[in-house]
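Each chain gets a letter, A, B and so on, in the order the sequences are listed, and its residues count up from 1.
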2 protein chains.
Amino acid sequence: MLRSDITVAIRDAVMHELAEVGYGRLSIEAVARRAGVGKTAIYRRWSNKLEMVLEIVSDVAGRTVPLPDTGSFAGDLQLIMMIVSRALQHRIASQIIPDLMAEAARNPQIAETLQKALRTHQQAVGEKLVGQAVTRGELPEGTDPDLAVDLILGPLYWRLAVSRTKPDAEYLEKLMAAVTVALRGSAG
Amino acid sequence: MLRSDITVAIRDAVMHELAEVGYGRLSIEAVARRAGVGKTAIYRRWSNKLEMVLEIVSDVAGRTVPLPDTGSFAGDLQLIMMIVSRALQHRIASQIIPDLMAEAARNPQIAETLQKALRTHQQAVGEKLVGQAVTRGELPEGTDPDLAVDLILGPLYWRLAVSRTKPDAEYLEKLMAAVTVALRGSAG
DNA sequence: AAACGGCGGAACGCAACCGTAACGTCCTGG
DNA sequence: CCAGGACGTTACGGTTGCGTTCCGCCGTTT
C-alpha cells in the first residue's frame, strides 16, 4: 500500500542525514525535508526514530559480503582488506559506522543490532579464512580466528576510521605481510 | 576571579554529560543542571558549546602519558598495551573517545583538536618505542613506526571500543606475541 | 563603608523539533 | 459519476535548547 518510491526516498534521506549530522542530532523533520515528503509519511512506516534507523541500517548492512574463497590465504587476506578498506573509505559508510559504534555504547538496542549486522558476519569470515588456511597448511593449527580478525580489521579500522589517513599500496602490502607473519608465528 | 570550584564542577559535568549523551546531544542547560551552577557561569568561561568541549577535552587528553622506557621491547610493548587497555576500559573514556572520533569526521575543529591530542603523542610513542628497539637490536632497521602503532593500537581499539569484549590475559599475551613477530619479521 | 564582581536564578526572543489532528488529493471499484 | 479509502501535506500546541539580559545576593577588595 505504501508508495515504494517514497519509501526509497526516505531510506536514502536517512542514510545521508545520518552521515551528515549523526544519530544524536538526526531529526525526523530533517529527514522528511530532505526526502521531500511529509513527516506523516515517515510515521506511517516507522513508529519512532530509533526503530526507523535500526531497520534501515541493518537492512543496508545485511547485504552480506561474500565469504572469501580465492584458494590461498594471501589471496583471501588481500580480498578482505580490499573490501574493508573500500567500505571504510566510502564517504557515507565512513561517517555512519563510527557514529553508530559510539551510539551503541550507550544504547543497547543499537549495540545489539550492530553486533548482529557486523560481528556475527565477521566472525564467520574469520573462521572461514583461518579454517581454510589451516586446512591448506598455510597456518598452524590452533590459530585463533578472533585474534586474526582483530589483527586484520583493527589496524585498518584504526587507520581509516580513526587516524583518517589513506593507506597507500605499500602500506597495505606491509600490513598484509605483518599479519601473515604474525598469525603464522604466534600460535605455535 | 572565576571561582575554581565552580570551574571544576563544570568540567566534571561536561565529561559526564559527554559520556552519557554524546557531543551531538550535549546541552549547556544539562551541563549547568548537573554541575549545579547557572548557565551564566558557563558562558562567562566559554563562549559556546564547541569551544567549551574542545578546551576541556584537550586539557584532559593533554595530560601526557609518559613515554615507554622499560629497557626492553617486550616490556615497553606490555606497558603500552596495559595503559591503552586501561584507558579504553575506563567507563567515561570508552564512551567519549568513540563519540568524539565520530564527531571529528564531520567537524574539522574537533578533528584537528583530536589529532593534536592523540595522534601527535602516539606518533612520538611509536617512534620512541621502535627507535629504542632498533637500537637494541630487537627490531630490524627500517621498521615502520606508523605500522607498529597501527598494529598495536588497532586490534586493541577494535576489541575494546568496537567489539566491546574484554580481552583476558591470555588474549593480551597472544596479541603481544603476534605484534612482536609481525614487526620482527615483516620489515626484512 | 562602599564599590566591585562573580554567583544563582529567572525570564526573554528565537529556532528547531516532536507527535498528532485536520485537510485536500489521488486512485479504485461499483 | 460517485463513494470510500489510503495517501501525503499542512497546521498546530507543546517542549527543549540557545545565547542573552537583568536581578538580588554575598564575599572580597579598597
Between C:dC7, C:dG19, C:dG8, which one does the side chain of B:V37 approach most closely?
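Closest of the options to the side chain of B:V37: C:dG8.
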Taking the side chain of A:A41 as its heavy atoms from C-beta onward, which of C:dC7, D:dG17, D:dG8 lies nearest to it?
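So the side chain of A:A41 is nearest to D:dG8.
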Who pairs with B:W158 by ring-ring contact (aromatic ring centres under 6.0 Å, His included), at least two apart in sequence or on another chain?
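Testing B:W158 for ring-ring contact (aromatic ring centres under 6.0 Å, His included), a comparison that skips the adjacent residues, returns A:Y157.
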Whole-Å gap separating [atom2] ([N]) and [atom1] ([X]):
X	N	atom1	atom2	value
B:M1	C:dC4	CE	P	14 Å
A:Y43	D:dT10	OH	C1'	15 Å
B:I28	C:dA15	CD1	P	19 Å
A:I6	C:dC27	CD1	P	13 Å
A:L2	C:dC27	CG	C1'	15 Å
B:E17	D:dC18	CD	C1'	16 Å
A:N48	C:dT20	CG	P	11 Å
A:W46	C:dC18	CH2	P	15 Å

Could you tell me whether the phosphate oxygens of [N], OP1 or OP2, come under 4.0 Å of any side-chain nitrogen or oxygen in [X]?
X	N	answer
B:R45	C:dC7	yes
A:R44	D:dA6	no
B:R3	D:dG27	no
A:R33	D:dT9	no

Shared hydrophobic cluster, A:I10 / A:V21 (ILVMFWY, side-chain heavy atoms < 4.5 Å):
no
When B:G36 and A:R25 are each assigned the nearest nucleotide of DNA chain C, the 5'-most assignment goes to B:G36
Which is true for A:T40 with a 4.0 Å heavy-atom rule: it touches a base, it touches only sugar-phosphate, or it touches nothing?
base
With nearest nucleotides of DNA chain D determined for B:S47 and A:E29 from heavy-atom distances, which residue corresponds to the more 5′ nucleotide?
A:E29
Scan side-chain atoms only and decide if A:T7 and A:R45 contain a donor-acceptor pair under the 3.5 Å cut-off.
yes
I'd like to know if the side chain of B:D144 pairs up with that of A:Y171 as donor and acceptor (distance under 3.5 Å, no hydrogens or angles considered).
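No donor-acceptor contact under 3.5 Å links the two side chains.
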So with a 6.0 Å cut-off around CZ of B:R86, is the heavy-atom count from everything else above 12?
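Open: at most 12 neighbouring heavy atoms sit under 6.0 Å from CZ of B:R86.
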With distance as the sole criterion, do the side chain of B:K39 and the base of D:dG19 form a donor-acceptor contact below 3.5 Å?
yes
